[in-house]
Amino acid sequence: MITLATKYDPKAVESKWYEYWESHGLFKSVPDGREPYCIVIPPPNVTGVLHMGHMLNNTIQDILIRHARMQGKNALWVPGTDHASIATEAKVVNRLAEQGITKRDLTREQFLEHAWAWTHEHGGIILKQLRKLGASCDWSRTAFTMDEVRSESVLKVFVDLYEKGYIYRALRMVHWDPKAQTALSDAEVEHKDEKSKLYYLRYYVADDDMTGETGAEGEVVRRDAQGRRYALVATTRPETIMGDTAMCINPKDPKNQWLRGKKVIVPLVNRVIPVIEDRYVDIEFGTGCLKVTPAHDPNDYMLGKTHNLETIDIFNPDATISAASPLYVGMDRVECRKQISQDLEAAGLMEKVEDYENKVGYSQRNPDTVVEPRLSKQWFLNMKHFAEIALPPVMNDELKFFPSKYKNIYKVWMEGIQDWCISRQLWWGHRIPAYYLPTANEDEEVYVVALTEAEALEKARKIPGYENIQAADLRHDENALDTWFSSWLWPISLFDGINHPGNDEIKYYYPTSDLVTAPDIIFFWVARMIMAGYEYAGDMPFRNVYFTGLVRDSLGRKMSKQLGNSPDPLKLIDKFGADGVRMGMMLCAPAGNDILFDEALCEQGRNFNNKIWNAFRLVKGWEVADIAQPEHSRLAVQWFHAVLDKTIAEVEDLYSKFRLNEALMAVYRLFWEEFSAWYLEIVKPAYQQPIDGKTMEATLYFFDILLRLLHPFMPFITEELWQHIAERNDGESIMQARLPKPGDPDTAMLAAMAQAKEIISGVRNVRSVKNLPPRDLLCLQAVGEFDSPVASIIIKLAGLENIIAVAEKDAASAAFMVGTQEFAVPLAGNIDVEQELAKLEADLKHAQGFLAGVEKKLANERFVANAPEAVVALERKKQVDAQSKIATLTAAIAALRK
RNA sequence: GGGUGCUUAGCUCAGCUGGUUCAGAGCACCUGCCUUACAAGCAGGGGGUCAUUGGUUCGAAUCCGAUAGCGCCCACCA
């Protein structure tokens with residue numbers, strides 16, 4: 001007999017088994033004749049570290065992968081990392097800043113050297129951390145969005161889309177991140193409500209003759225103390241007045257008719273600008289006068305275009321005031337706002353300031369940075385075609401979203417889709433494969449798009465006038481592509497399906513099975529992968545998308561460094577074991593809801609590990625002897641087979657619906673309640689007594705099956721125990737064990753045990769209330785006929801001497817009811833009559849109330865006439881049962897009162 | 001501003017097409033137990049007018065409408 005510690009120690013086993021799995025190649029997958037099951041990992045940032053979001057996301061993926069593997073599928077989980085253009089470049093820039101180097105001091109090549117150094121230094125840390133969690137990825141396939149295969153894929157796709165006419169270059173108002181100094185896509189801007197100010201500024205009428213006209217009816221003419229007339233303009237951004245090139249009124253606005261055709265003077269700047277008219281202006285807002293700054297507002301840009309206005313860009317790329325501005329040159333925009341409002345005030349040009357709430361766009365990657373609308377030339381992808389191919393399969397459930405509520409969100413986005421700005425003014429990323437040719441005119445652009453410089457040269461020479469151009473004359477586009485322009489190919493490029501379409505791997509693994517990701521990247525990533533999937537692999541990239549929730553703390557707050565409410569996953573693993581943490585995550589992870597993470601749940605996970613461990617200790621401690629199998633054990637085995645059949649079917653159903661937390665809860669209860677609290681207690685031999693062979697064999701079989709059911713959730717402890725349950729060969733693993741197919745559950749047996757449990761609970765309750773010692777054997781009286789197929793189990797677990805059917809129970813006894821039958825434990829006179837009466841009367845009252853409800857229903861003619869027969873019959877049965885129960889209780893009370 | 005979802009025990013959630021003895025689970029809580037597998041445990045127990053309000057129906061947590069609160073997505077009104 002082996003002696004094992006009473007507490008399970010995860011540290012001793014986790015690394016051992018991970019190494020075992022890896023060294024025996026158990027995570028590896030190559031195409032074969034089996035059904036494939038594939039997940040591609042949402043690639044974490046290459047320089048990132050594991051946080052709770054990864055923890056949740058990857059636990060779920062590992063559960064799905066391990067489950068599929070145990071179903072006999074060829075399971076493949078492909079790992080990798082993302083180059084995360086903006087985020088990584090920002091980190092490198094920060095590190096260089098610490099060394100006193102700015103990006104501008106370096107050439108592109110030098111900067112990239114630093115970036116690669118950083119990547120190699122920090123890259124892959126997160127993948128090592130995933131191993132601690134037990135992630136069963138095929139590490140031999142680890143990919144990087146900027147490795148050779150992926151890079152080539154990205155460039156090929158760019159060239160292809162350009163040639164198909166979907167990619168174009170245009171001068172547009174784009175979102176500009178002044179910190180990263182790059183354009184962003186619409187999706188990378190997050191709007192936040194902000195308390196700001198509305199400044200009312202005086203725009204004096206130019207060359208005012210100050211004639212005394214008061215204007216037509218409804219006109220509002222403003223004059224200062226000297227009688228000079230002015231328009232009052234409301235703005236949230238006074239610092240942009242340096243870029244004003246017009247003031248706009250609505251032609252239908254009666255208040256401002258007098259301004260038609262006039263010119264006004266921009267305050268402080270003293271530039272004279274025309275008053276234009278456009279119905280775009282909201283008459284009700286502010287004073288109905290809008291200042292027009294075409295370079296710094298999308299609407300104003302549009303007005304500028306229609307009215308042929310000059311565009312003055314007063315910002316540098318870093319959002320300091322540019323030399324194009326007459327004032328405040330070099331000042332930061334935030335400073336400038338403060339300064340200019342003071343100066344306007346001092347000059348008497350600011351009439352009032354109101355509190356105002358509006359939405360301000362922030363850069364997703366630089367959360368403190370307000371994005372600036374900026375006119376610039378960028379590369380765009382026309383999205384219309386892609387929306388058309390990607391919307392239908394989701395709407396008709398060929399490709400399923402879990403939970404399905406995201407379908408609608410997806411639909412709305414697709415239907416209102418905007419072109420995607422794919423160029424970034426960054427170096428870290430895939431360089432855009434466009435080559436510019438020298439032109440006489442600086443504003444004119446001639447370029448070719450080609451995979452390589454050689455091809456570009458070839459193409460360039462076909463352009464009339466450029467027949468003799470040399471490689472040195474080509475200027476490679478400086479921009480990099482949006483990170484998501486590589487991620488959207490991930491499910492294809494991982495199998496090299498862009499460079500080698502139709503290769504064996506892509507044919508076998510694509511479409512992949514399930515994608516597990518957070519909903520915040522549904523547009524960035526999920527939607528675009530679906531687009532690329534249909535465009536480049538002719539099919540959906542995955543069959544199901546499981547959207548996890550966001551991990552929050554137990555108070556529902558987002559996890560953040562400032563709040564300090566974000567636990568370090570590795571510390572948690574250290575404290576509770578990977579299995580415990582995995583379980584803790586899953587316990588609070590109902591599909592699609594936010595996760596309110598609480599460390600207490602990991603504790604629950606750890607406790608469960610310990611429970612399994614101790615159940616194992618118990619079973620392993622039994623000595624087998626050549627003795628007959630007791631009746632109760634025989635029945636328990638029969639019953640537990642039924643429980644397994646039922647639960648396995650339930651669990652499989654829950655998996656298919658991605659209700660993993662419920663699947664876990666089902667196996668948790670199966671192990672703790674049914675197996676440990678009931679089954680083991682039934683078959684457990686008396687202290688130091690041996691067990692019969694049949695029961696032992698069945699028990700070990702059950703334990704084995706339970707471990708298999710638990711394995712996807714808790715891979716380490718289950719492997720450890722599975723290896724101990726029976727002799728295993730080197731290289732064998734529970735990972736490869738199959739889940740049994742459930743049979744039809746023996747419902748009669750399940751019903752019999754359900755009743756038996758109630759009876760046992762009844763007796764235990766009597767013991768508890770009457771303070772009867774647990775070891776004293778009791779006698780149980782069943783009033784009327786009694787016949788249970790599992791009576792021997794009741795006798796054992798309730799601690800009974802026997803069960804006897806009696807016509808009338810002892811007067812001095814504690815009674816309880818199970819269904820319609822009364823049971824009693826004779827108490828040899830020491831009963832508290834009052835207490836007993838109170839209990840019976842409470843039961844009686846309840847039964848009477850119940851009966852009244854049922855009878856009221858039955859008295860309702862319309863119910864009897866309209867309800868289905870079965871429902872009415874059921875009500876009648878309830879009536880009869882309640883009546884019999886009332887009779888029993890009344891008799892019992894009368895007997896006690898004697 | 002436009003959509004959309006949610007509101008069931010102290011907490012986190014189940015409850016599918018309305019009817020299985022007047023709502024279930026886990027955790028938390030209360031009581032009693034250190035009973036040789038496990039106190040990271042065992043046994044027992046309490047706790048909900050299913051947000052509010054109209055309606056449909058013989059019958060509503062479940063269907064429909066309104067209200068309130070919370071959340072999410074989208075959006076260039078200064």
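Letters go in sequence order (proteins before strands), and every chain restarts at 1.
Of the candidate nucleotides B/rG26, B/rG1, B/rA43, B/rG26 has the atom lying nearest to any side-chain atom of A/Gln604. Comparing B/rA78, B/rA40, B/rA43 by their nearest atom to the side chain of A/Ala677 picks out B/rA43. Comparing B/rU21, B/rU35, B/rG41 by their closest approach to the side chain of A/Leu874 singles out B/rU21. For A/Tyr668, the side-chain atoms get nearest to B/rC27 when compared with the rest of B/rG19, B/rA37, B/rC27. Residue A/Arg669 places its side chain closer to B/rA25 than to any other of B/rC58, B/rA25, B/rC74. Closest to the side chain of A/Arg617, from the set B/rU21, B/rG41, B/rC38, is B/rC38. Comparing B/rC74, B/rC77, B/rC38 by their nearest atom to the side chain of A/Asp282 picks out B/rC77. When distances are taken from the side chain of A/Ala615 to each of B/rA37, B/rU35, B/rC58, the shortest belongs to B/rA37. Residue A/Lys857 has its side chain nearest to B/rG19 when only B/rU35, B/rG19, B/rA40 are considered. Here the side chain of A/Phe523 is nearest to one of B/rA25, B/rC74, B/rA78, namely B/rC74.
The partner of B/rA43, taking Watson-Crick or G-U wobble pairs whose two distances both stay under 3.5 Å, is B/rU31. Of the nucleotides present, none pairs with B/rU17 by Watson-Crick or G-U wobble criteria with both distances under 3.5 Å. Figure legend. B/rU67 is base-paired to B/rA51; pairs are counted as Watson-Crick or G-U wobble with both atom distances under 3.5 Å. With a cut-off of 3.5 Å on both Watson-Crick or G-U wobble distances, the partner of B/rC72 is given as B/rG3.
A/Pro373 comes within 4.0 angstrom of no nucleic acid atom, judged by non-hydrogen atoms across all strands. Residue contacts for A/Arg775: at a heavy-atom cut-off of 4.0 Å it reaches the sugar-phosphate backbone alone, with no base atom in range. If you check every strand for non-hydrogen atoms under 4.0 Å, A/Leu290 touches a base. Among the heavy atoms of the strands lying under 4.0 Å from A/Asn610 is at least one base atom, whether or not backbone atoms are also near. Nucleic acid contact class of A/Tyr356 (heavy atoms, under 4.0 Å, all strands): sugar-phosphate only. Using a 4.0 Å heavy-atom cutoff across all strands shown, A/Lys7 reaches at least one base atom of the nucleic acid. Within the nucleic acid shown, A/Asp881 comes within 4.0 Å of at least one base atom, counting heavy atoms only. Within 4.0 Å of A/Ser676, counting heavy atoms only, lies at least one base atom of the nucleic acid. Here A/Glu861 lies out of heavy-atom contact (under 4.0 Å) with every strand. In this structure, A/Lys359 reaches the bases: a heavy-atom distance under 4.0 Å links it to at least one base atom across the strands shown. Nucleic acid contact for A/Val281: base, since at least one base atom lies under 4.0 Å from a heavy atom of the residue.
A/Glu681 contributes no side-chain N or O that forms a donor-acceptor pair with the base of B/rA43 under 3.5 Å.
Atoms OH and CG, on A/Tyr8 and A/Asn614 in that order, are 12.5 Å from each other to the nearest 0.5 Å. Remark: A/Glu372 CD to A/Leu184 CG distance equals 12.0 Å, nearest 0.5 Å.
Toward the 5' end of RNA chain B, the nearer of the two residues A/Asp186 and A/Thr235, judged by each one's closest nucleotide, is A/Asp186.
Following rounding to the nearest Å, A/Leu601 (CG) and B/rA28 (P) show an atom-to-atom distance of 10 Å.
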- Stepwise, does the side chain to side chain donor-acceptor pair (under 3.5 Å) test hold for A/Tyr200 with A/Thr235? CA-CA 6 Å; A/Tyr200 286 80; A/Thr235 180; over 6 Å; no
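Between A/Asp881 and A/Lys885, none of the side-chain N atoms (NZ, or NE/NH1/NH2) sits under 4.0 Å from a carboxylate O, so this pair counts as no salt bridge. Between A/Lys255 and A/Asp253 a salt bridge is recorded (basic side-chain N to carboxylate O distance below 4.0 Å).
Going from the C1' atom of B/rG44 to that of B/rU8 covers 26 Å, rounded to whole Å. B/rC74 and B/rA60 have their C1' atoms separated by 35 Å, given to the nearest Å. Taking the P atom of each, B/rU53 and B/rU62 are spaced 13 Å apart, rounded to whole Å. Atom C1' of B/rC42 sits at a distance of 48 Å from the matching atom of B/rU4, rounded to the whole Å.
Contact between the side-chain N/O atoms of A/Lys611 and the OP1/OP2 oxygens of B/rG41 is not found at any separation under 4.0 Å.
Figure legend: cation-pi geometry between A/Lys407 and A/Phe401 absent, as NZ or CZ is not positioned both under 6.0 Å from the six-membered ring centre and within 45° of its axis.
When side chains are defined from C-beta on, A/Lys291 does not count as touching A/Val266, because their heavy atoms never get closer than 4.5 Å.
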